[in-house]
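Report on the structure given below.
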Amino acid sequence: MIIRESYLSKIRPFIGKDIIKVLTGIRRSGKSVLLEQVRDEIDSPHTVFLNFEDLGNQHLCDYNALHDYVCEKIGGSKETFYLFFDEIQEVQGWEKAVNSLRVKFNADIYITGSNSRLLSGELATYIAGRYVSFVVYPFSFTEFMMVSPDYTFDDYIKYGGMPFLSSISFAPESSKNYLQDIFNSVVLKDIVKRNRIRDVDLLERILSYALANVGKSFSATSISKFFKTEKRTVAPETILNYLKACEEAYLLLRLKSQDVNGKKLLKVNEKYYVVDHGLREAAVGANLNNAEIILENIVGLELLRRGYKVCVGRVGDKEIDFVGEKDGDKLYLQVCYLLNDESTINREFGSLLDVKDNYPKFVLYKESSFKGNREGIPAVKVEDWLMGTNVVYR
């Protein structure tokens, strides 16, 4: 097990503060282990830790039962109690219990959940700005290399970053079965059940289309037209609702498009990415045969891990794979598998050269005969960028 310092460093400033810490992210991304790491770092005898996916806690999956249980644990103590609630969405009406415990006791509260709606609706009403959220992603390539130095980049391209893979030594058959189980669990529990979706076959078809077209611009209308070729009529609004449900379960991530020079968001050319490309391998397959789009997916997710606000860039009729913004600074990235022939080199560097500012710009590649830079824009091996080596931010 590795200590996920990149997340702990963000959480530490809020420890002991009267604000609820919310860890969200896709199922099995490591939220529970991170919650345990926070608990271990605090190291207090006054702790209540409950995982609501544990059947032993099923009797507490009602806000009154949970509230009464914690009140009994704390009793009349004036000490700070640290409350850790894992997969809190399993508790009916949990917002009422959490809010009451916050105002009733000297309690420092941490919760996790697998749906982005944890931060909307009643939660916002009950605790009105009294929370801070952290999205927990599956392991980055750097994190997996810390766990298992023998894990190759090709392994990562194929199997992704779900933390449990290291426990089964990345055995091909076991890894595939595990990823398929996660995918099915996310679809059935976090998407179908929570959204009361009746047409599961339609959801699976829309999801398959999105996963097969990761990193490509498409719209609900284009999917609707695709279904028409299969003699099936589906309204674009229905497709949008299903895609939104996949986003809320953290399975898909939608990136908007931005006119870089005009500095405005565009209503077209949005792209969808998958939160872990290993799940794409489980659902669609052929990650290694589609390595170019998987590399793009990996880089986009890494930017989000590093705290960037990310969008797709447009410069006239040219596209920039990613524009990242953080703390008033920007970063521009182009991603390609092979950076060899002149036409590819001109295309990848051309979009970046059309951006007239002095923020860092990079072309990331998997394999290349091109070395150095073009007009000050460096070409960097994608593995080096992911590991943070041989990268200079001008």
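None of the values given here were measured: they were computed from a predicted structure.
- Although no hydrogens or angles enter the test, the distance criterion places a donor-acceptor pair under 3.5 Å between the side chain of K31 and the main chain of G25.
- Here the side chain of K271 pairs no donor or acceptor atom with the backbone of V312 at under 3.5 angstrom.
- Checked by atom type, the side-chain pair S114/E87 shows a donor-acceptor distance below 3.5 Å.
- Here the options are Y156, F183, F139, the test is ring pair (Phe, Tyr, Trp, His ring centres under 6.0 Å), and the partner is H277; only Y156 passes.
- Pairs engaging residues 73-86 under the salt bridge (charged side-chain N to carboxylate O under 4.0 Å, His left out) rule: none recorded [sequence neighbours left out].
- A donor-acceptor pair is defined here as one N or O able to donate and one able to accept, closer than 3.5 Å; no such pair exists between the side chain of E296 and the backbone of V335.
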Query - K330/D357 under salt bridge (Lys or Arg N to Asp or Glu O under 4.0 Å): CA gap, chis, key distance, verdict - result: CA-CA 10 Å; K330 287 186 178 182; D357 64 33; 5.1 Å; no

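- Inter-residue side-chain proximity for V274 and L251 is flagged as met; some heavy-atom pair is nearer than 4.5 Å.
- Rounded to the nearest 0.5 Å, atoms CD1 (I3) and CG (D40) are 7.5 Å apart.
- In this structure, the side chain of R280 engages the main chain of G285 through a donor-acceptor pair within 3.5 Å.
- Taking hydrophobic clusters as Ile, Leu, Val, Met, Phe, Trp and Tyr residues chained together by side-chain heavy-atom distances below 4.5 Å, I88 does not share a cluster with Y63.
- Put simply, CG on L165 and CZ on R28 are 13.0 Å apart, with the number rounded to the nearest 0.5 Å.
- Side chains of Y82 and V38 form no contact here, defined as non-hydrogen atoms less than 4.5 Å apart.
- For F218 and Y209, the ring centers are positioned less than 6.0 Å apart.
- With rounding to the nearest 0.5 Å, the separation of CG in N213 from CD1 in I223 is 8.0 Å.
- Ring geometry for F370 versus F349: interplanar angle of 30 to 60°, hence tilted.
- When side chains are defined from C-beta on, E383 does not count as touching M145, because their heavy atoms never get closer than 4.5 Å.
- Remark: side-chain polar atoms of S9 are paired, donor with acceptor, to backbone N or O of E5 under 3.5 angstrom.
- For the pair Y359 and D329, the minimum side-chain heavy-atom distance is below 4.5 Å.
- Across every non-hydrogen atom of I294 and I157, the tightest pair is CG2-O, 3.6 Å.
- For F170, the ring pair (Phe, Tyr, Trp, His ring centres under 6.0 Å) test picks out F144, Y151, with sequence neighbours left out.
- Residues I19 and F14 come closest through the heavy atom pair CG2-CD2, 4.0 Å.
- Residue pairs satisfying the salt bridge (charged side-chain N to carboxylate O under 4.0 Å, His left out) criterion with at least one member in residues 150-171, sequence neighbours excluded, are listed as follows: D154-K366.
- Contact of the R305 side chain with the S6 side chain is not registered, since no non-hydrogen atoms from C-beta on lie closer than 4.5 Å.
- Of the inter-residue distances, the one linking N287 atom CG with N290 atom CG reads 7.5 Å to the nearest 0.5 angstrom.
- In this structure the side chain of L66 reaches within 4.5 angstrom of the side chain of F52, judged on heavy atoms.
- Using modelled atom types, no side-chain atom of S175 and backbone atom of P172 make a donor-acceptor pair closer than 3.5 Å.
- For the pair D18 and R102, the minimum side-chain heavy-atom distance is below 4.5 Å.
- In this structure, Y69 and H59 have perpendicular ring planes: the angle between them is above 60°, well past the 30° mark.
- Within the 3.5 Å criterion, the main-chain N or O of G113 finds no donor-acceptor partner in the side chain of T24.
- Applying the ring pair (Phe, Tyr, Trp, His ring centres under 6.0 Å) test to F227 and every residue at least two apart in sequence or in another chain returns nothing.
- Within the structure, salt bridge (charged side-chain N to carboxylate O under 4.0 Å, His left out) contacts touching residues 200-227 (residues at least two apart or in different chains) are D201-R205, D201-R232, R205-E230.
- Contact check for I26 versus D276: no side-chain heavy atoms found under the 4.5 Å cut-off.
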Report task. List the steps, then state whether salt bridge (Lys or Arg N to Asp or Glu O under 4.0 Å) holds for K193 with E90. Result -> CA-CA 12 Å; K193 182 179 177 182; E90 300 297 329; 5.4 Å; no

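- Closest approach of Y137 to Y7, counting heavy atoms only: N-OH, 3.0 Å.
- For E325, there are no salt bridge (Lys or Arg N to Asp or Glu O under 4.0 Å) partners, not counting sequence neighbours.
- Here CD of E302 is found 5.0 Å from OG of S140. Values are rounded to the nearest 0.5 Å.
- Salt-bridge annotation for K318 and D354: present, with a side-chain N of the basic residue lying under 4.0 Å from a carboxylate O of the acidic one.
- Put simply, the side chain of Q37 gets close to the backbone of R4: a donor and an acceptor are under 3.5 Å apart.
- Residues F164 and M162 fall within the same hydrophobic cluster, defined by Ile, Leu, Val, Met, Phe, Trp and Tyr side chains chained together at heavy-atom separations under 4.5 Å.
- Note that OG1 of T344 and CG of L339 are 7.0 Å apart. Values are rounded to the nearest 0.5 Å.
- Between the T47 side chain and the S44 main chain, a donor and an acceptor come within less than 3.5 Å of each other.
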